[in-house]
**Q** 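Mind having a look at this structure? Questions to follow.
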Amino acid sequence: MVKVTLPDGKVLELQDGLTIGQAAGKIGARLARDAVAGKINGQAVDLNTPIKTDISLAIITANSPDGLEIIRHSCAHVMAEAICTIWPKAQLVYGPTVEDGFYYDIDLDEPIRPEDFGKIEKKMTEIAEKKLPFVRRELSREEAIKHVAGNKYKIDNINRAQGDTLSFYSHGQGFEDLCRGPHVPSTDRIGSFKVMSVAGAYWHGDPTQKMLQRIYGTAWRDKKELEEYLQMLEEAKKRDHRVIGKQLDLFSFHDEGPGFAFFHPKGMVIWNQITDFWRSVHKKYDYQEIKTPIILNQELWKLSGHWENYKENMYFTTVDEVEYAIKPMNCPGGCLVYRNKQHSYREFPMRVAELGLVHRHEASGVMHGLVRVRQFTQDDAHIFCVPEQIESEIVNVINLVFEIYSAFGFNDIHIELSTKPEKHIGSDEIWEVSTTALKNALESKKIEFQINEGDGAFYGPKIDFHISDCLKRTWQLGTIQLDFSMPQRFGLVYTDKDNTEKTPVMIHRAILGSFERFIGILIEHYGGNFPLWLAPEQMRVLTISEKTNDYAQKLRQMLKAEGFRCELDMSNEKVGAKIIKAHNDRLPYMLVVGPKEAETQSVNVRIRGTNESTGLETGRFIAAVKEKIVSKTQDLVI
RNA sequence: GCUGCUGUAGCUCAGUCGGUAGAGCGCGUCCUUGGUAAGGACGAGGUCAUGGGUUCAAAUCCCAUCAGCAGCUCCA
């Protein structure tokens, strides 16, 4: 008999030699049915692994994230077999799971096209329906190398794998692949799947290596989850900020400036609303604001270290035989401002913000609408302080971050703390002190965070903020980075209490990151349906016939005078057509006016997304809308 | 930057075998004065991304360049 300790602490006495699948059956029939794999002493293993000694055991079901990953990985194997059946010359390289699915890299000279996906899926379904068992075979390193002789990819995988024993998985019919496992018990357990896309990818991600074909697939627990996922992708496509930006006339791009966004009047309304809000909050948090030049002498960038590390991605220009660089970051300019006069510890913490326009020459293939551009405005700030102030300053920034994000409806925030990397500058002591300060700040706010060991910048540890949009997609926005390098390089000092000169701590921080990118994210988050305070056009007066043009014009003037962004549609169309146009333009409020409204000094309000309307005395409408703008609510109901 | 795909009217797109270009929406004018998801008529609008080549003839075939899209690599 062996003792099996379950996650809840219960101990099960079992006859030795039973598999963990059978053990699951002893715990419950339902658990046995849902089981896809198990965990022995924390290590994931197949269900048919026999229990030979006392262990702690957890059963992995399809409902857990681990279980889903095993389903996807198994599905990748089935897809690989399907592809190898259709294209016998295909050589398998590597097939991991990724977020929402998996891919398989394949070396095959003949291109696999989207038209082929149906064929692959059909083959996969056939394999699934046969309910073939996944079988694990273990070989010594030596045997394994012999076993895959002639296959350079598998030999390479073996050489990169850890341990002396290597495992292969087959699921009948002669198909086999090197794999750590575990896998689901049989091919009918690979969930609901779909072959999604194909793209080129280098072997090992190395551009000098052969380009392979990467086939992406997705797999979910059941058909419903797959459908939901596909629907989410459809929804994301509809919300594409590049499409909506064009539709709503917010911004454009031109060949004359690839990667440089042109903001149109309506896009600028959004931009300015965000800026106004951003400034008001920063004022509240005792920030000062500066503005530094875009073009600065190249020597400055050699001093800051940017030239050395990033010159490939910088823009340069020569004027009067002097070399200049277009700034890729704001901090060197900020340092010059700091160095412009003497500073005392009494001024600290000194919080200096800058909405700085930076240019970075991104590779041509990476640009993407507003989300990845070559010119953008950072909502930057640099905080100069003494080491003892780091913690309270971080708390201050965190409060600011939360206040700003929540105004846009981003309340699901994920935080990561990155610590000292191998290659770094600064003493271990200062790293220790400052990393602890970052940790303490997060802990004092009772915020959960993930630690990325060794992932910090070479010049200091950092905290990153990620938000989830309404489709649960995450975006990194904010960052707080301590910098031990820049103050030294620039010789920044302050006079301390003891009348000696010391080097201040410099904290870089951005909250929205890039205005351009943030607006892109907002467009997708709201699907173009901006809340009232951000909407480029908040309301539009629609006339029923030209008989009420006078009233409509007076009404519009009055609403404008109240500070609303209000336009007027007196075009020679029926109201129905005007309603459609207003809906397409994502107008929050449509104000229909005819003789009835003119007589009673009222408006007939139709709210975006509804097909009902209500008559309302104009004064009441104004009061209700004002309240909504001030509270920044997304709810439009009056 | 790399691989593959794409580039036709303001927008979305069609254009067969190589024979000098089309639709819908939008825009303009006129008719219509209509109460909540498209009233009607007429009209303007194109160096078919750019440059070269093949051909009697190129939007169409070939090459190069530029830009975009998907992915890879990258993102101080």
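A note on names: the letters A, B, ... follow the listed sequences, proteins ahead of strands, and every chain is numbered from 1.
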**Q** Below 4.0 angstrom from OP1 or OP2 of rA37(B), is there any side-chain N or O of Lys578(A)?
**A** no
**Q** Assign Gly594(A) to base, sugar-phosphate, or nothing according to its heavy-atom contacts below 4.0 angstrom with the strands shown.
**A** base
**Q** Quick one: Met570(A) CE to rU33(B) C1', roughly how many Å, whole number?
**A** 14 Å
**Q** How close do Asp569(A) and Lys578(A) get, heavy atom to heavy atom, and via which atoms?
**A** O-NZ, 3.2 Å
**Q** Write down the distance separating the P atoms in rC30(B) and rA70(B), rounded off to the nearest Å.
**A** 44 Å
**Q** For a quick check under 3.5 Å, do Thr292(A) and Glu354(A) share a side-chain donor-acceptor pair by atom type?
**A** yes
**Q** Heavy-atom count check: over 12 atoms from other residues, nucleotides or ligands less than 6.0 Å from Tyr405(A) OH?
**A** yes
**Q** Atom CD of Gln375(A) and atom P of rC75(B): how far apart are they, to the nearest Å?
**A** 22 Å
**Q** Quick one: pull up CZ in Phe410(A) and CG in Leu512(A) and give me the separation to the nearest 0.5 Å.
**A** 9.5 Å
**Q** With the side chain of Asn604(A) defined as its heavy atoms from C-beta on, choose the nearest nucleotide among rG35(B), rA76(B), rG1(B).
**A** rG35(B)
**Q** Mind calculating the distance between CG (Asp105(A)) and C1' (rG71(B)) to the nearest angstrom?
**A** 11 Å
**Q** So Tyr459(A), base contact, sugar-phosphate only, or nothing? Heavy-atom distance under 4.0 Å.
**A** sugar-phosphate
**Q** Give me, pair by pair, the N or O atoms of the protein and of nucleotides 28-32 of chain B that are less than 3.5 Å apart, along with how far apart they are.
**A**
residue, atom, partner, partner atom, Å
rC31(B), N4, Asn572(A), ND2, 2.9
rU32(B), N3, Asn572(A), OD1, 3.0
rU32(B), N3, Asn572(A), ND2, 2.9
rU32(B), O4, Asn572(A), OD1, 3.4
rU32(B), O4, Asn572(A), ND2, 2.2

**Q** So Lys246(A), base contact, sugar-phosphate only, or nothing? Heavy-atom distance under 4.0 Å.
**A** sugar-phosphate
**Q** Using nucleotides 65-68 of chain B, report all nitrogen or oxygen pairs with the protein that are shorter than 3.5 Å.
**A**
residue, atom, partner, partner atom, Å
rA67(B), O2', Asp255(A), OD1, 3.0

**Q** Hey, which sits more toward the 5' end of RNA chain B by its nearest nucleotide, Gly609(A) or Tyr216(A)?
**A** Gly609(A)
**Q** Can you find a donor-acceptor pair, distance only, under 3.5 Å between His306(A) side chain and rA76(B) base?
**A** no
**Q** For the base of rC74(B), is there a side-chain donor-acceptor partner from Arg372(A) under 3.5 Å away?
**A** yes
**Q** Please determine if Lys581(A) and Asp585(A) form a salt bridge, counting it only when a charged side-chain N lies under 4.0 Å from a carboxylate O.
**A** yes
**Q** Atom CD1 of Ile215(A) and atom P of rC72(B): how far apart are they, to the nearest Å?
**A** 13 Å
**Q** I'd like to know if Glu597(A) reaches the base of rG35(B) with its side chain such that a donor and an acceptor end up less than 3.5 angstrom apart.
**A** yes
**Q** Minimum heavy-atom separation for Arg517(A) and Val371(A), please, with both atom names.
**A** CD-O, 3.2 Å
**Q** As an exercise, state the distance from OG1 of Thr614(A) to CG of Asn604(A), rounded to the nearest 0.5 Å.
**A** 6.5 Å
**Q** Checking contacts here: which listed nucleotide (rG1(B), rG39(B), rG35(B)) is nearest the side-chain heavy atoms of Lys574(A)?
**A** rG39(B)
**Q** For Arg586(A) and rA37(B), what is the distance between atoms CZ and P respectively, to the nearest whole Å?
**A** 18 Å
**Q** Any residue in residues 307-316 of chain A with a heavy atom nearer than 4.0 angstrom to RNA chain B? Just list them by number, or reply none.
**A** Tyr310(A), Asn313(A)
**Q** Among residues at least two apart in sequence or on other chains, which ones pass salt bridge (charged side-chain N to carboxylate O under 4.0 Å, His left out) with Lys266(A)?
**A** none
**Q** Dot-bracket for RNA chain B, 5' to 3', counting Watson-Crick or G-U wobble pairs under 3.5 Å, with [ ] for crossing pairs and | for inter-strand pairs?
**A** (((((((..((((.....[..)))).(((((.......))))).....(((((..]....))))))))))))....
**Q** Quickly work out the Ile544(A) CD1 to rG39(B) P distance and round it to whole Å.
**A** 14 Å
**Q** Thinking salt bridges, do Lys154(A) and Asp177(A) make one under a 4.0 Å N-O criterion?
**A** yes
**Q** What integer number of Å spans the C1' atoms of rG26(B) and rA64(B)?
**A** 36 Å
**Q** Rounded to whole Å, please give me the gap between CG in Asp380(A) and P in rA76(B).
**A** 14 Å
**Q** Closest-nucleotide mapping onto RNA chain B: is His583(A) or His204(A) further toward the 5' terminus? I mean the 5' end.
**A** His583(A)
**Q** Test of understanding: with ring-ring contact (aromatic ring centres under 6.0 Å, His included), list the residues that count as partners of His361(A), not counting sequence neighbours.
**A** Tyr315(A)
**Q** Between rA58(B) and rU8(B), how far apart are the C1' atoms? Round to whole Å, please.
**A** 14 Å
**Q** So Leu300(A) and Phe490(A), do their side chains get closer than 4.5 Å, heavy atoms only?
**A** yes
**Q** Side chain of Ser545(A): nearest nucleotide among rG34(B), rA76(B), rC72(B)?
**A** rG34(B)
**Q** Is the base of rA70(B) touched by the side chain of Arg214(A) through a donor-acceptor pair closer than 3.5 angstrom?
**A** no
**Q** Charged N to carboxylate O under 4.0 angstrom, Glu235(A) versus Lys238(A)?
**A** yes
**Q** By the 4.0 Å heavy-atom rule, please label Val575(A) as base, sugar-phosphate, or nothing.
**A** sugar-phosphate
**Q** Establish whether the base of rC72(B) is bridged to the side chain of Tyr202(A) by a donor-acceptor pair shorter than 3.5 Å.
**A** no
**Q** What is the ring orientation for Phe251(A) with Phe253(A), classed by angle as parallel under 30°, tilted 30 to 60°, or perpendicular over 60°?
**A** perpendicular
**Q** Please check if any side-chain donor atom of Gln481(A) sits under 3.5 Å from a side-chain acceptor atom of His508(A), or the reverse.
**A** no
**Q** Between Glu308(A) and Lys302(A), does at least one N-O distance fall below 4.0 Å, as a salt bridge requires?
**A** no
**Q** Salt bridge between Arg160(A) and Asp156(A), side-chain N to carboxylate O under 4.0 Å?
**A** yes
